[in-house]
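It should be emphasised that the depicted structure is a prediction, and the values quoted were computed from it without experimental measurement. We use all heavy atoms of the structure for the numbers below, so side chains are in, but hydrogens, waters and symmetry mates are not.
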Amino acid sequence: KESKPRLTESIDLLGDLAQEIADWSYPLLDEEWHCFAGYLPRAVPEELRPRFFDLVREGTEWLQPTGRWGPLPLRTAWMCALPCT
């Protein structure tokens, strides 16, 4: 199936829906690939941030990619909902 730009196919982003009340920005916005990463400053209260960080770090299956010369010095994870994998 040919990919269609977001503007011709309805994909509602939170930042679009909350323009009046929230200061969303999209550091990653690729219409062709339908790939978006939104950022909302101060979305999580400061006192909860360490707990959220620990939940993600401990509850995520982190993978270490391997290059031509062995393991790369980074970890990555894919997070998506079914039916995506």
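- In terms of hydrophobic clustering, with Ile, Leu, Val, Met, Phe, Trp and Tyr side chains grouped at heavy-atom distances under 4.5 Å, Leu63 and Leu72 are assigned to different clusters.
- Nearest heavy-atom pair across Pro27 and Tyr39 is CD-CB, 4.1 Å.
- Applying the 6.0 Å contact sphere to CG of Leu48 captures more than 12 heavy atoms from other residues, nucleotides or ligands.
- Closest of all the heavy-atom pairs between Pro73 and Gln64 is CA-NE2, 4.4 Å.
- Looking at Asp54 and Arg57, a side-chain N of the basic residue comes within less than 4.0 Å of a carboxylate O on the acidic one, giving a salt bridge.
- Taking CZ from Arg75 and CD from Glu61, the interatomic distance works out to 11.0 Å, rounded to the nearest 0.5 Å.
- The two residues Tyr26 and Leu14 make their nearest non-hydrogen contact at OH-N, 3.6 Å.
- Atom-to-atom distance recorded for Phe36:CZ and Leu28:CG is 8.5 Å, nearest 0.5 angstrom.
- Shown here for Pro41 and Asp23, the closest heavy-atom pair between the two residues is CD-O, 3.4 Å.
- Trp62 and Val56 make their closest contact through NE1-O, 3.7 Å (heavy atoms, listed as atom of the first residue, atom of the second, distance).
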